[in-house]
Chemist: 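Mind looking over this structure? Questions follow.
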Amino acid sequence: MEEEKDQLMKRVERLKKRVETVQNHQRMLEIASQLRVEKEREESLSQQKQEQRNQLFSAEQKLQRAQQQLKNMRHAAADAKPEGLMKRVEEEIKFNSYMVSEKLPKELENKRLTLSFMQRVVNEQVIDQSDLTELEAKIQEVNAEINHLIEKRMRSDPVDDKLTLFRQQAAIISRKKETKAEELQEAKEEIANLEREIVQKTSQTRDTDGSEILRGDEFKRYVSKLRGKSLVFKKKRQELAELTAEYGVLQRTEQILKQRHDNVQQQLQTIEQKRGISGYSDTQEELERVSALKSEVDEIKGRTLDDMSNMVKKLNSMIEAKKSALAPVIKELRPLRQQCQELTQEYDEKKAQYDSCAAGLESNCSKLEQEVRGLQEECSQAETQYHYINLMKKIAEVQIQRAADEMKAYVSPDSQERRKALRDQYSKNIQEQENLGKKLREKQKSIRESHGPNMKQVKMWKDFEQLMECKKMCFLKQQNQLSTERIIQEGGEDRLIL
């Protein structure tokens, strides 16, 4: 860097010397500096102009979006009812409260956790392979402990097993709720993007010359005509809504009255069956129908009062006949009613006995199930212990067999068998390693003895290398000087020109 600095300084001095030969060089330097300042100012002004254009464009877009939202809100307020607006506002409030109270705090907490984790990772030292293996071992231990606790919980808490289904359902519902909230947020963002595109397209169509735009009196007439049509449409729609609402109310009233009539008829029939006079209401309806027919006949034909009295007598006689016919049935019904009360009382007592017996059986059954579950657990534990002991036994047998084979090979007179013995193999390996260690120690001793002379020789070679480099540089400089110098002989004299 210092060499580059020196080169630049030399270059600047050469340029100054060249400029000094030019006339009015000081004035030209001042003009060049002013030009540079003006160019920088022009660049800053153009940048500010571009920023102001961007701000103006964003402000226009915001204004157009606000106008579009205001228009949509006015249109919705004009078309919708107060109930619909209140419902829409309540839905927006619920969604915003859910976002503020549940979703956004969770996301913020997750972001904070990830940030703290990242900061902790950054602040920690560099992790090598041993640290990674240790962390993996810890993770495996923690996972094993978690699995053990889960198995213990599943075995020991049967009530919690019943609640797991509801917990899973609650978790699924919460996940669905979060996904729907995200979809709603994405839909709102998409609507906002579409509104921005609509505003841009409208501004583009407004700027183009091919589109026909109404102006002045034509636009006023069009607006007044549109207002008149909208008023007529609103009135007709309000009338239609009122008629549909009235029709719905009348239809609902008719359904309610029919249902009440059917209920009253069923209650009347049940009362008649209890009293033992089934068919009385039908008779009464028949009487009403006959009386209605009678009134109609009287109005049409103008019957006299004697005919009406005769008809009344006949009807009274018919009623008396019905009563006399139903009297023995009512007398037979009274002892049956008493017998029914006795049977219901006996049924209630038997039912109470059955409920108490069933409760005792259920308690005994639950106790037996608990005992069976405990015995099954003991059986499984005993089975695992049995398998463990069996495996340990097999391992011990294998080890005993290996020891017996080793003793047999070591005691046998055959040399081939002795070579197969582990003791001989291990002793042979130990001897080889001892010989190798002895050789390495000897090599280390020789290296230590020759270390000093070798280092001195290395230093001498480095000094020799530096000396040769210095000679090389001197030779190159001498060659450069010879190439730049010229010797001229004139008149028997030698002149050196640099």
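Along the sequence shown, the residues carry numbers beginning at 1. Given the structure is predicted, the values throughout are model-derived calculations rather than measurements.
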Chemist: For the side chain to side chain contact (heavy atoms under 4.5 Å, CB included) test, which of Arg448, Glu449, Arg441 pairs with Lys445?
Modeler: Glu449
Chemist: If you measure from CD on Glu4 to CZ on Arg11, what distance do you get to the nearest 0.5 Å?
Modeler: 12.0 Å
Chemist: When you compare the side chain of Gln341 with that of Gln345, does any pair of heavy atoms fall below 4.5 Å?
Modeler: no
Chemist: Just distance, no hydrogens or angles: give the donor-acceptor pairs under 3.5 Å from side chains in residues 386-393, sequence neighbours left out.
Modeler:
none

Chemist: So do Glu145 and Glu141 actually touch side chain to side chain, heavy atoms under 4.5 Å?
Modeler: no
Chemist: So Gln52 and Leu56, do their side chains get closer than 4.5 Å, heavy atoms only?
Modeler: no
Chemist: Kindly compute the distance separating CD (Gln399) from CD1 (Ile395), expressed to the nearest 0.5 Å.
Modeler: 7.0 Å
Chemist: Just to verify, what does Lys138 make a side chain to side chain contact (heavy atoms under 4.5 Å, CB included) with, not counting sequence neighbours?
Modeler: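 Side chain to side chain contact (heavy atoms under 4.5 Å, CB included) list for Lys138, sorted by chain: Glu134.
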Chemist: Take atom CD in Glu51; do more than 12 heavy atoms of anything else shown fall under 6.0 Å from it?
Modeler: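 More than 12 heavy atoms, drawn from other residues, nucleotides or ligands, come within 6.0 Å of this atom.
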Chemist: Got a second to check how far Cys365's SG is from Gln370's CD, nearest 0.5 Å?
Modeler: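 That separation rounds to 10.5 Å.
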Chemist: Could you walk me through whether Glu434 and Gln431 pass the side-chain contact (heavy atoms from CB on, under 4.5 Å) test, one step at a time?
Modeler: CA-CA 5 Å; Glu434 286 179 354; Gln431 187 66 32; 3.8 Å; yes
Chemist: I want to check something: taking the side chain as every heavy atom from C-beta on, are Gln255 and Arg252 in contact at a cut-off of under 4.5 Å?
Modeler: yes
Chemist: Could you give the distance from CD (Glu432) to CG (Asn435), rounded to the nearest 0.5 Å?
Modeler: 8.0 Å
Chemist: Would you list the atom pairs, donor with acceptor, under 3.5 Å between side chains in residues 458-476 and any protein atom, with sequence neighbours excluded?
Modeler:
none

Chemist: Are Lys10 and Gln7 side-chain neighbours, meaning at least one heavy-atom pair lies under 4.5 Å?
Modeler: no
Chemist: Can you list the steps and then say if Glu442 with Lys438 is a side-chain contact (heavy atoms from CB on, under 4.5 Å)?
Modeler: CA-CA 6 Å; Glu442 291 176 356; Lys438 193 179 289 183; 4.2 Å; yes
Chemist: Would you say Glu183 has more than 12 foreign heavy atoms packed within less than 6.0 Å of its CD?
Modeler: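 Counting neighbours around CD of Glu183, more than 12 heavy atoms of other residues, nucleotides or ligands fall under 6.0 Å, so yes.
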Chemist: Counting heavy atoms not belonging to Glu42, are there more than 12 under 6.0 Å from its CD?
Modeler: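 Open.
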Chemist: Out of curiosity, Glu371 CD to Glu378 CD, how far, rounded to the nearest 0.5 Å?
Modeler: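 Separation between the atoms: 10.5 Å.
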Chemist: When rounded to the nearest 0.5 angstrom, what is the spacing between CD in Gln353 and CG in Asp348?
Modeler: 11.5 Å
Chemist: Is there side-chain contact between Glu342 and Glu346, with heavy atoms separated by less than 4.5 Å?
Modeler: no
